[in-house]
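Chain A is the first sequence line, chain B the second, and so forth, proteins listed ahead of strands; every chain is numbered from 1.
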2 protein chains.
Amino acid sequence: MNIQRLRYLREIARRNLNLTAAAQALHTSQPGVSRQIIELEEELGIQIFVRKGRRLVDITEPGQRVLEITNRLLFELDNLSQVAAEHENEAIGTLIIGTTHTQARYKLPNILQQFRQDYPRVTIKIKQGTPEQIAHWLREGQADLGMASESLHGAQGLSSKAWYQWSHVVVTPSDHLLQQRFSTRPQDIKLEDIAAFPLLTYDTAFAGRTEINHAFAQKGLSPEVAISALDADVIKTYIRARMGVGLLAQMAYDPQTDSGLVAISCAHLFSPRTAYLAIANRRIQRSYVYALLDLAIGKAEVLDLRAQALAQ
Amino acid sequence: MNIQRLRYLREIARRNLNLTAAAQALHTSQPGVSRQIIELEEELGIQIFVRKGRRLVDITEPGQRVLEITNRLLFELDNLSQVAAEHENEAIGTLIIGTTHTQARYKLPNILQQFRQDYPRVTIKIKQGTPEQIAHWLREGQADLGMASESLHGAQGLSSKAWYQWSHVVVTPSDHLLQQRFSTRPQDIKLEDIAAFPLLTYDTAFAGRTEINHAFAQKGLSPEVAISALDADVIKTYIRARMGVGLLAQMAYDPQTDSGLVAISCAHLFSPRTAYLAIANRRIQRSYVYALLDLAIGKAEVLDLRAQALAQ
DNA sequence: CTTGCTTACGAGACTCGTAATAATT
DNA sequence: AATTATTACGAGTCTCGTAAGCAAG
């Protein structure tokens, strides 16, 4: 048995059964990959791929089981490299953070600034995606550390810790009607008041958008969502263009930089959201991963998270 | 990276750092193993073994971590072979049962008789040991299926199901004083009555021996254990020799075959024991492993156990 | 006729076993 | 002296890249 074959298998699966693309990604030749896969199938006595003529069109059922085991095996192989890298030099390497726009844009900068001072030779890669994608990257070893909403918590194969809580704010132009009515007593604002205007808010799957929908639905309201976008910067542009009122994460509003816009807290309208930090179970982490976590949640919590992830 | 190197590493660790013994066990040459290990250390940049001159005398701390990951990796490699073997022919293979003497001698025969009829081409290996050893074998992939007392239940890395309950019996020669006093009203027998005689019972770590000690201790009794042995057959021999009264698992006494001996139930003196069946988490099992489990605890329980083990 | 997988072939690397060497017990 | 690990060396195998072939969309 040869590990290279398993690497090829995993890459082909990742590239939607495109052997050519896999070969390129692995910086090797197409025929080499082809032959290794055929030999792997012969060695195991299992047809892994369904072929149509000379194309790979599907994975067989036993092939699927082989793939799952292969992924776990290569995961452990990655762990070996991690131990080696750690031993080599604990302050050099790469740190891949899987996160959503909201965290990357508003919460991470401070932390990363500090982190860069402590570990100047660690290359940081921020990989943005949905919480589901982030969970997937963590499990596959394609990200070291995840930062996102509740859905990370309790996700299969991950261990997580609460990071901080936040709530939503209504953001409007300074001279907007809502602002005139509620600036002095924001606690009086109701969902009905907001629903009277077109909404500008996050895409589903982000920043508590599900939660927003849910809160309105419970009151029997179905506000018009004029525009939904991945990130607050885009949304703010449309707020300025007076296309509706924004419903953003509180972190996304800064009175200093967001001149011309004002925010009205609506913590009482939507249940508070929690952001979570997560790492993959059984994954050997470089020491600086824990150092970064330390900056976010403190030593005690990090130790607990670590124990949790390794015990699984 | 080469899997062979990892196999060598595991085997050396298993053979108490004796490289020569490892090479023999792997049917290969000593120099080959030596060189592969050195190259593995170079490749990882990690000193795995502590050497004293030319002997391996210890595993370094990073080496220990490497070893743990290696074991998990090879475990997944075994899983690959299992899938392949299963695909090859699901009715041929080897089944290794880790069990204690009591189960192997008194409870397994019926089940295995049936199993052999269903799977005549499966070679069964019964590997006897303490529950702790059995748990270790299961985790290491050196046994497929474990059968033993409570300590299997909840052991790290295993999933288990209750199999059956049993209690202890006092076994004496037919004309023994205890027999004369309690044969008609066994419910009246007390720990004090038993403790008056030298005891013949199981070695610690077996068949509820801990439980026996505990029950006596609670009453402030410390009976003389004349002889302790691994198995009931040995103990019965000494009962016949009138060296004391036996305290055995109920399964171990059969009025038919144990002529000259009689048993007095003492279920009311010791809390009932439960025997458990266990398999390793995340281990891919040959189908006949589940077939054997089915004979013991039925389909529904087996499905549950399987789901439990694979979900971890 | 372009994309994509497989077959053919030869160069180079790697693994492994035997024999010899060196360090402990 | 016996046991045990490392070094040296050569045969055999395996892997991989290039070039050519063949099958689908």
Between His27(B) and Leu19(A), the residue closer to the 5' end of DNA chain C by nearest nucleotide is Leu19(A)
Just call it for [X]: base, sugar-phosphate, or nothing, with non-hydrogen atoms closer than 4.0 Å on any strand.
{"X": "Leu26(B)", "answer": "nothing"}
{"X": "Thr20(B)", "answer": "sugar-phosphate"}
{"X": "Gln36(A)", "answer": "sugar-phosphate"}
{"X": "Arg35(B)", "answer": "base"}
{"X": "Ile12(A)", "answer": "nothing"}
{"X": "Gln30(A)", "answer": "base"}

Atom pair distance, as rounded to whole Å: OH in Tyr8(B) and C1' in dA5(D): 15 Å
Rounded to whole Å, CD of Glu39(A) lies from P of dC14(D) at a distance of 9 Å
Would you call [X] and [Y] a salt bridge, taking side-chain N to carboxylate O under 4.0 Å as the test?
{"X": "Arg72(A)", "Y": "Glu68(A)", "result": "no"}
{"X": "Arg51(B)", "Y": "Glu41(B)", "result": "yes"}
{"X": "Asp233(B)", "Y": "Arg105(B)", "result": "yes"}
{"X": "Arg286(B)", "Y": "Asp144(B)", "result": "no"}

Using heavy atoms to find the nearest nucleotide of DNA chain D for Gly53(B) and Asn2(A) separately, return the residue whose nucleotide is more 5′. Gly53(B)
Relative to the 5' end of DNA chain D, which residue comes earlier, Lys52(A) or Pro31(B), by the nucleotide with the nearest heavy atom? Pro31(B)
From the options Ile134(B), Leu152(B), Ile279(B), select the one residue that forms a side chain to side chain contact (heavy atoms under 4.5 Å, CB included) with Leu158(B). Leu152(B)
Between [X] and [N], does any side-chain N or O lie under 4.0 Å from OP1 or OP2?
{"X": "Ser29(A)", "N": "dC16(D)", "value": "no"}
{"X": "Thr28(B)", "N": "dG17(C)", "value": "yes"}
{"X": "Arg51(A)", "N": "dT6(C)", "value": "yes"}

Does Arg55(A) contact dA24(D) through a side-chain donor or acceptor facing the base, at a distance under 3.5 Å? yes
Once hydrogens and angles are ignored, does a donor-acceptor distance under 3.5 Å link the base of dA5(D) to the side chain of Arg54(B)? yes
Among the nucleotides dA5(D), dT18(C), dC5(C), which one has an atom lying closest to any side-chain atom of Asn18(A)? dC5(C)
